[in-house]
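One structure is given below, encoded as structure tokens.
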Amino acid sequence: MAALRRITTCLSLLRSSARVLFSSRNTAVHKPWKWTNILYTSIASLTVGGGLCAIPFKQVENLSHDSLIRRAASLVTDSSSTFLSQTTLALIDAITEYSKAVHTLIALQKRYLESLGKLTQTEEDTIWQVIIGQRAEVSDRQDECRRFQSTWVNAVKLCETAAEAAYTSGAEHASITVMTNIQVAQSQVNEAQKLSADADKKLAETKAMEVERVAQYTGSLQNNEEEEEVPEAYLRED
């Protein structure tokens with residue numbers, strides 16, 4: 001009941017304010033801003049028992065073209081920064097998985113070289129099948145890195161364009177923020193690429209070692225065959 005009385009009182013006061021406003025139209029028609037002042041003053045004074053009648057009137061902000069452009073530029077920098085962060089994360093994960101695959105391949109090849117000449121033909125075929133499968137895994141991971149690398153480069157270019165647009169439109173803070181994000185992303189990717197470069201270097205060293213060891217092993221087999229054939233030749237001459 002108290003709430004109903006309060007609403008009724010508010011409506012009555014509004015009607016009174018409206019009558020005052022429209023009765024003033026003839027004397028203040030050349031100053032329409034007075035009507036707004038009268039209406040806001042009447043609404044602000046509507047109290048029942050010390051409480052204000054909550055009527056949601058909000059004055060709309062008058063934005064200029066420059067202000068709207070700055071806001072739009074800030075939105076573009078936010079979106080491009082999100083795109084950059086997602087592609088950076090994807091690229092770093094891809095590089096990390098590639099590095100792991102390379103190290104696994106290196107371990108398999110070293111194991112094979114250590115067992116060279118000690119394996120049966122079946123065991124050697126089995127380990128070679130595993131090595132071939134791991135090489136395919138390395139190739140797939142490398143292709144994934146290249147794909148994400150291309151997307152990441154596009155994201156960096158997009159952020160640079162957004163930063164330039166934000167700066168020229170007057171949104172300097174947004175421009176600085178996105179440029180900082182670019183620097184952080186480049187630093188993170190560089191660190192990941194150092195790990196993959198180190199893995200590639202070790203893989204190249206392992207391949208060179210493999211060629212050398214296999215050549216030595218093949219040479220030793222040929223020597224053994226020649227040594228075994230020499231006594232047979234002497235026997236035939238006898």
### Task
Only counting residues at least two apart or in another chain, list the ones meeting side chain to side chain donor-acceptor pair (under 3.5 Å) with Ser81.
Asn181

Of [options], the residue whose pairing with [X] passes side chain to side chain contact (heavy atoms under 4.5 Å, CB included):
X      : options                        : answer
Thr180 : Ile176, Val178, Thr177, Ile182 : Ile176
Leu91  : Leu89, Thr87, Ile95            : Ile95
Leu108 : Val130, Thr206, Ile132         : Val130

### Query
What residues, two or more places apart in sequence or in another chain, satisfy side chain to side chain contact (heavy atoms under 4.5 Å, CB included) together with Ser187?
none

### Task
Kindly give the cluster partners of Phe83, where membership spreads through any ILVMFWY side chain lying under 4.5 Å from a current member.
Leu158

### Summary
Smallest heavy-atom separation, Ala73 atom then Ala166 atom, equals CB-CA, 3.9 Å

### Task
Report the residues that fulfil salt bridge (Lys or Arg N to Asp or Glu O under 4.0 Å) with Arg135, sequence neighbours left out, ordered by chain and then residue number.
Glu210

### Query
Does Asp143 have any salt bridge (Lys or Arg N to Asp or Glu O under 4.0 Å) partners at least two apart in sequence or in another chain, and if so, which?
Arg146

### Criterion side-chain contact (heavy atoms from CB on, under 4.5 Å) on Tyr98 and Leu195, from CA distance to verdict
CA-CA 10 Å; Tyr98 169 76; Leu195 297 177; over 6 Å; no

Are the side chain of [X] and the backbone N or O of [Y] linked by a donor-acceptor pair below 3.5 Å?
X      : Y      : value
Ser175 : Ala171 : no
Ser80  : Thr77  : yes
Ser196 : Gln193 : yes

### Query
Got a second to check how far Thr161's OG1 is from Glu164's CD, nearest 0.5 Å?
7.0 Å

### Message
Once rounded to the nearest 0.5 Å, what's the spacing between atom CG of Asn190 and atom CD of Gln186?
### Response
7.0 Å

### Sidechain N-carboxylate O distance under 4.0 Å for Glu114, Lys110
no

### Task
May I ask you to decide whether Lys157 forms a salt bridge with Glu160, counting only side-chain N to carboxylate O separations under 4.0 Å?
no

### ring-ring contact (aromatic ring centres under 6.0 Å, His included) involving Tyr112 - partner list, sequence neighbours excluded
Trp128

### Same apolar cluster (I L V M F W Y, side chains within < 4.5 Å links), Val189/Leu84
yes

### Message
Before you tell me yes or no, could you show the steps for Lys202 and Glu205 under salt bridge (Lys or Arg N to Asp or Glu O under 4.0 Å), namely the whole-Å CA-CA distance, both residues' side-chain angles and the distance that decides it to 0.1 Å?
### Response
CA-CA 5 Å; Lys202 291 180 179 179; Glu205 293 173 354; over 6 Å; no

